[in-house]
Participant: 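Quick one: the structure is below, questions incoming.
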Amino acid sequence: MIHSTPRLRFAPSPTGPLHLGGARTAMYNWAAARALGGTFLLRIEDTDQARSTEASLRIILAGLRWLGIDWDEGPEQGGDYGPYFQMQRLHLYREAADRLLAEGHAYLCYCTPEEIEVGRKELEALKAGFSGYNRRCRSLSSEQRAAFERDGRKPNVRFKMPDARVMQVHDLVRGHVEVNTKELDDWVMLRPDGVPLYNFACVVDDIGMQITHVVRGEEHFLNGIKQRLLFEALGAECPLYAHIPLILNMEGKKLSKRDADTNMLDYRDKGFPAEAVFNYIALLGWGFSGDRDVFTRAEMVGAFKIEGIGKSGSKFDEEKLRWMCGEYVRHWTPAEFVQRARPWLADAVPTAAFTTHAAWLQNALACYQERVAILNELAAKVGWLFADPAMDEAAAKNLVKDPASKQWLAAYAEHLQNSNLPPSWPADRQGVDDVVHLPTKKDATAAACAFWTPSAIEHDCRAFTETLGVKFGHFVHPVRAALTGTDKGPGLFDVLFLLGKDTCVRRLRTAAT
RNA sequence: GUCCCGGUCGUCUAGUCCGGCCUAGGACCUCAGAUUUUCAUUCUGGUAACACGGGUUCGAAUCCCGUCCGGGAUACCA
């Protein structure tokens with residue numbers, strides 16, 4: 001190991017939001033740093049001035065925070081190895097470039113883009129395989145150089161690649177790989193305006209920030225070769241590299257806007273639990289164990305090894321992500337569920353329900369905890385709790401399936417009128433044991449409180465259907481339709497309990513007419 | 001074109017390094033059943049894979065070679 005403490009980084013360029021792939025890269029670096037007891041830092045690669053924006057940076061940082069990926073050094077955090085924005089480190093690149101120039105590892109290139117293109121075409125015509133920059137400026141005489149300067153040409157700084165050196169490298173994920181440097185260009189390190197290009201800035205900073213491990217997408221594999229050479233030229237030891245496969249869509253193509261939300265914050269805003277998204281992303285190329293795939297961040301850190309990342313590409317599966325979300329939602333306590341769902345309920349639930357009728361609301365929402373995976377699905381389901389619902393098609397059908405059902409409803413309305421059904425929200429429900437946490441504690445006994453519990457209501461209802469001479473199974477469907485306007489949802493007696501006497505009676509009578 | 005990497009159920013993967021414990025395990029999806037007042041949850045069970053062809057070996061998903069397919073790279077983007 002190069003440095004005593006492992007130091008890892010995530011180095012996004014703020015040219016767009018934090019997407020799935022970036023989130024995974026950040027996560028693996030983060031997890032490795034935490035697992036190794038090292039430092040995780042953020043470095044902002046903002047050298048693409050045309051595309052970098054402040055807004056993107058904010059979105060990236062928010063996305064990371066949302067996923068629970070925290071950094072020890074970087075933006076809004078500081079640290080001893082800053083600055084952490086590349087545009088604030090230009091002098092460091094200039095220095096390194098001068099050194100490389102002086103030591104003969106780099107040279108000035110005066111070629112115009114057009115000239116480079118012409119050179120490339122010529123090499124291509126040779127059909128010798130590799131085609132790139134023809135290295136014309138490598139061997140410029142001082143006269144030629146002076147002539148270019150007189151023409152007002154401003155030089156790039158190019159790195160001198162070895163002609164045909166076989167690089168034997170070890171990649172933490174790919175293992176032993178050999179690459180011949182003849183496949184590589186003399187690449188540009190520094191532009192005339194002093195702004196560095198990716199490979200150069202990356203290495204100068206990895207040295208400066210004492211990075212020990214680099215986990216990044218496989219599109220950087222060849223960059224890794226260029227970078228190793230640069231580390232060597234600069235007399236520094238290079239970090240351990242791990243190049244991981246990309247995330248693909250279900251067709252095996254590059255993930256696009258059509259396949260998944262490209263912005264992590266979209267998942268947040270739709271109500272995907274962050275823990276679930278984190279958990280799911282972790283699984284894209286890494287396995288917790290042979291027989292478990294639900295785990296906490298801490299458990300991941302405990303089990304994570306860079307070498308354990310898979311070599312084959314993985315496809316993003318929305319269905320499994322959705323399942324994972326449900327898995328997390330169901331494990332929250334009812335109180336937690338209310339609290340976490342609240343932002344998505346602003347329009348669907350009256351504020352008073354959260355404050356003066358919190359216990360009642362908690363009961364009501366608890367009924368949906370196993371029926372919802374993504375929080376934005378909730379609002380559309382709970383309307384019947386607060387306002388007389390419109391009847392959907394399936395419910396309307398259930399209402400008329402049996403010609404006698406309207407009579408049942410009318411009779412049941414009368415029956416409930418004289419019953420111990422709890423009062424309706426938002427009327428005073430004092431004395432009602434609203435803390436039964438439906439639907440998990442249906443067995444609370446009727447004797448325990450002044451008003452009926454769901455199980456007591458059911459008991460009574462079964463008896464009632466008998467006196468009515470109707471099969472219980474037939475009876476419940478029209479009642480559910482009348483009360484909720486749909487044919488799905490919580491247990492019917494939870495519905496009655498939550499709605500209370502006045503509302504139930506009113507809706508039954510309305511449906512009976 | 002050239003170079004690099006990969007290929008286990010439809011999907012994510014375990015197993016591959018150190019061949020036998022793999023008649024290939026788990027999860028999602030799907031199907032069937034159970035529970036049930038609906039939906040959902042839960043439970044039980046089923047379908048489903050070592051890309052193909054050659055080797056090596058007593059024995060190969062695991063090692064070797066070839067083929068095919070997929071991905072990545074080949075910038076004054078990162």
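Within every chain, numbering begins at 1; the chains are lettered A, B, ... in the order of the sequence lines, protein sequences first and strands thereafter. None of these values were measured; they are calculated from a predicted model.
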Participant: Between A:F288 (CZ) and B:G25 (C1'), how many Å, whole number?
Facilitator: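 The answer, rounded to whole Å, is 17 Å.
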Participant: Can you name the residues that form a salt bridge (Lys or Arg N to Asp or Glu O under 4.0 Å) with A:R145, not counting sequence neighbours?
Facilitator: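 Expected list: none.
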Participant: With sugar-phosphate meaning primed atoms plus P, OP1 and OP2, does A:Q369 contact a base, only sugar-phosphate, or nothing at under 4.0 Å between heavy atoms?
Facilitator: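 If one applies the 4.0 Å heavy-atom cut-off, A:Q369 turns out to touch nothing in the nucleic acid.
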Participant: Say we look at B:G71 and B:C28: how far apart would their C1' atoms be, to the nearest angstrom?
Facilitator: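 Nearest-Å result for B:G71 against B:C28 at atom C1': 24 Å.
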Participant: So which one's nearest nucleotide on RNA chain B is more toward 5', A:N199 or A:R292?
Facilitator: A:R292
Participant: Tell me which one of A:V215, A:V214, A:I309, A:L240 satisfies side chain to side chain contact (heavy atoms under 4.5 Å, CB included) with A:L172.
Facilitator: A:L240
Participant: Whole angstroms only, please: what is the CD-C1' distance between A:E318 and B:A27?
Facilitator: 18 Å
Participant: Just name whichever nucleotide pairs with B:U38, Watson-Crick or G-U, keeping both distances under 3.5 Å, else none.
Facilitator: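 Check on B:U38: unpaired, no WC or wobble geometry under 3.5 Å.
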Participant: Taking the same atom, C1', in B:C29 and in B:A78, what whole-Å distance lies between them?
Facilitator: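 Going atom to atom, C1' in each nucleotide, I get 36 Å.
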Participant: Taking the C1' atom of each, how far is B:U8 from B:C3, in whole Å?
Facilitator: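 27 Å, rounded to whole Å.
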Participant: When you compare the side chain of A:Y280 with that of A:D317, does any pair of heavy atoms fall below 4.5 Å?
Facilitator: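 Touching, per the 4.5 Å side-chain cut-off.
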Participant: Taking N or O atoms only and anything under 3.5 Å, show me the protein contacts with nucleotides 75-77 of chain B, one pair per line.
Facilitator:
residue	atom	partner	partner atom	Å
B:A75	OP2	A:R120	NH1	2.5
B:C76	N3	A:N156	ND2	3.1
B:C76	N4	A:C111	O	2.9
B:C76	N4	A:P113	N	3.4
B:C77	OP1	A:R191	NH1	3.2
B:C77	OP2	A:R191	NH1	2.3
B:C77	O2'	A:D48	OD2	2.7
B:C77	O2'	A:R51	NH2	3.1

Participant: Are there over 12 heavy-atom neighbours, none belonging to A:H474, within less than 6.0 Å of that residue's NE2?
Facilitator: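 Counting neighbours around NE2 of A:H474, 12 or fewer heavy atoms of other residues, nucleotides or ligands fall under 6.0 Å, so no.
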Participant: For the residue pair A:Y368 and A:W384, categorise the inter-ring angle as parallel (less than 30°), tilted (30 to 60°) or perpendicular (more than 60°).
Facilitator: tilted
Participant: Take atom NZ of A:K311 and atom C1' of B:C4, then tell me their distance rounded to the nearest Å.
Facilitator: 13 Å
Participant: With the criterion being N/O to N/O and under 3.5 Å, what pairs connect the protein with nucleotides 40-42 of chain B, and how long is each?
Facilitator:
residue	atom	partner	partner atom	Å
B:A40	O2'	A:E370	O	2.1
B:A40	N1	A:E370	OE2	3.3
B:A40	N3	A:E370	OE2	2.5

Participant: Report the residues that fulfil salt bridge (Lys or Arg N to Asp or Glu O under 4.0 Å) with A:R43, sequence neighbours left out, ordered by chain and then residue number.
Facilitator: A:E45, A:D205, A:D206
Participant: Test of understanding: with salt bridge (Lys or Arg N to Asp or Glu O under 4.0 Å), list the residues that count as partners of A:E183, not counting sequence neighbours.
Facilitator: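 With sequence neighbours excluded, A:E183 shows a salt bridge (Lys or Arg N to Asp or Glu O under 4.0 Å) to no residue whatsoever.
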Participant: Evaluate whether atom CD of A:E307 has more than 12 neighbouring non-hydrogen atoms of other residues, nucleotides or ligands under 6.0 angstrom away.
Facilitator: yes
Participant: Does any non-hydrogen side-chain atom of A:T465 lie less than 4.5 Å from one of A:W408?
Facilitator: no
Participant: Rounded to the nearest 0.5 Å, how far apart are CG of A:L248 and NZ of A:K315?
Facilitator: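 If I round to the nearest 0.5 Å, the distance is 7.5 Å.
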Participant: Write down the distance separating the C1' atoms in B:C12 and B:C58, rounded off to the nearest Å.
Facilitator: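 Between the two C1' atoms, the distance is 37 Å.
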Participant: Would you kindly give the CD-to-P distance between A:Q227 and B:A73, to the nearest whole Å?
Facilitator: 15 Å
Participant: A:E218 CD to B:C3 C1': how many Å, rounded?
Facilitator: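 These atoms are roughly 14 Å apart.
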Participant: Under a 3.5 Å cut-off for both distances, is B:C9 Watson-Crick or wobble paired, and to whom?
Facilitator: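 WC or wobble partner does not exist here.
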Participant: Counting the benzene-type ring for Trp, do A:H213 and A:Y241 have ring centres under 6.0 Å apart?
Facilitator: no
Participant: Each nucleotide N or O in nucleotides 20-24 of chain B that has a protein N or O under 3.5 Å away: list the pair and distance.
Facilitator:
none

Participant: Grab the N/O contacts between the protein and nucleotides 8-14 of chain B below 3.5 Å, and write none if there aren't any.
Facilitator:
residue	atom	partner	partner atom	Å
B:C12	OP1	A:K315	N	2.9
B:C12	O2'	A:L283	O	2.9
B:U13	OP1	A:G285	N	2.6

Participant: Does anything in residues 464-484 of chain A come within less than 4.0 Å of RNA chain B? Heavy atoms only, and list the residues if so.
Facilitator: A:F472, A:V476, A:H477, A:R480
Participant: Cation-pi check for A:F148 against A:R153: NZ or CZ below 6.0 Å from the six-membered ring centre and within 45 degrees of the axis, yes or no?
Facilitator: no
Participant: Excluding sequence neighbours, so at least two apart, what forms salt bridge (Lys or Arg N to Asp or Glu O under 4.0 Å) with A:D392?
Facilitator: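 Result, salt bridge (Lys or Arg N to Asp or Glu O under 4.0 Å) vs A:D392: none returned.
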Participant: When all nucleic acid strands are considered with a 4.0 Å heavy-atom cut-off, which category describes A:K182: base, sugar-phosphate, or nothing?
Facilitator: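 If one applies the 4.0 Å heavy-atom cut-off, A:K182 turns out to touch nothing in the nucleic acid.
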Participant: Check the distance between B:C5's P and A:Y241's OH and give it to me in whole angstrom.
Facilitator: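 My rounded result for the distance is 18 Å.
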Participant: Only pairs at least two apart or in different chains count here, so list each salt bridge (Lys or Arg N to Asp or Glu O under 4.0 Å) that has a residue in residues 215-229 of chain A.
Facilitator: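 For residues 215-229 of chain A, and leaving out neighbouring residues, the salt bridge (Lys or Arg N to Asp or Glu O under 4.0 Å) pairs sorted by first residue read A:R174-A:E218.
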Participant: So what does A:P12 touch, heavy atoms closer than 4.0 Å: a base, only the sugar-phosphate, or nothing?
Facilitator: nothing
Participant: For the pair A:F304 and A:W286, name the ring-plane relationship: parallel under 30°, tilted 30 to 60°, perpendicular over 60°.
Facilitator: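 Tilted: the ring planes of A:F304 and A:W286 meet at 30° to 60°.
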Participant: Who is the Watson-Crick or G-U wobble partner of B:C21, with both distances under 3.5 Å?
Facilitator: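 Across all strands, not a single nucleotide pairs with B:C21.
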Participant: In terms of side-chain heavy atoms of A:E319, which of B:C4, B:C28, B:U37 is nearest?
Facilitator: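 Of the candidates, B:C28 comes closest.
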Participant: In whole angstrom, give the distance that lies between atom CD of A:E219 and atom P of B:G71.
Facilitator: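 The answer, rounded to whole Å, is 15 Å.
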Participant: Between residues 167-175 of chain A and RNA chain B, which residues have a heavy-atom gap below 4.0 Å?
Facilitator: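 Result for residues 167-175 of chain A: A:R174, sorted by number.
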Participant: Is it true that A:E299 and A:R292 have a side-chain N and a carboxylate O under 4.0 angstrom from each other?
Facilitator: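 Salt bridge: yes.
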Participant: For nucleotides B:G70 and B:U30, find the distance between their P atoms and express it as a whole number of Å.
Facilitator: 29 Å
Participant: If the plane angle is over 60° it's perpendicular, under 30° parallel, otherwise tilted; pick one for A:Y107 and A:Y133.
Facilitator: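 Parallel: the ring planes of A:Y107 and A:Y133 meet at under 30°.
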Participant: Out of A:E458, A:E466, A:H459, which one pairs with A:R462 under the side chain to side chain donor-acceptor pair (under 3.5 Å) rule?
Facilitator: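 With A:R462 as partner, A:E458, A:E466, A:H459 yield a single side chain to side chain donor-acceptor pair (under 3.5 Å), made by A:E458.
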Participant: Measure the distance from CE on A:M189 to P on B:A78 and round it to the nearest whole Å.
Facilitator: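 About 14 Å, once rounded to whole Å.
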Participant: Which part of the nucleic acid, if any, lies within contact of A:H243, taking any heavy atom under 4.0 Å across all strands shown: a base, the sugar-phosphate backbone alone, or nothing?
Facilitator: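 Here A:H243 touches no strand at all.
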Participant: Does any nucleotide pair with B:C3 by Watson-Crick or G-U wobble geometry, both distances under 3.5 Å, and what is it?
Facilitator: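 Answer to the pairing question: B:G72, which forms a Watson-Crick or G-U pair with B:C3.
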Participant: B:C31 and B:G15: how far apart are their C1' atoms, nearest whole angstrom?
Facilitator: 27 Å
Participant: Mind checking whether A:L61 and A:L42 have side chains closer than 4.5 Å, heavy atoms only?
Facilitator: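 They are in contact (side-chain heavy atoms under 4.5 Å apart), so the answer is yes.
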Participant: Could you give the distance separating B:U13 and B:C22 at their P atoms, to the nearest angstrom?
Facilitator: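 Pairwise P distance, B:C22 against B:U13, rounds to 23 Å.
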Participant: For A:F221, enumerate each residue passing the ring pair (Phe, Tyr, Trp, His ring centres under 6.0 Å) test, keeping only those at least two apart in sequence or located in another chain.
Facilitator: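 Expected list: A:H243.
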Participant: Would you tell me whether A:N279 and A:Y328 have side-chain atoms, one donor and one acceptor, within less than 3.5 Å of each other?
Facilitator: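 Per modelled atom types, A:N279 and A:Y328 side chains form a pair under 3.5 Å.
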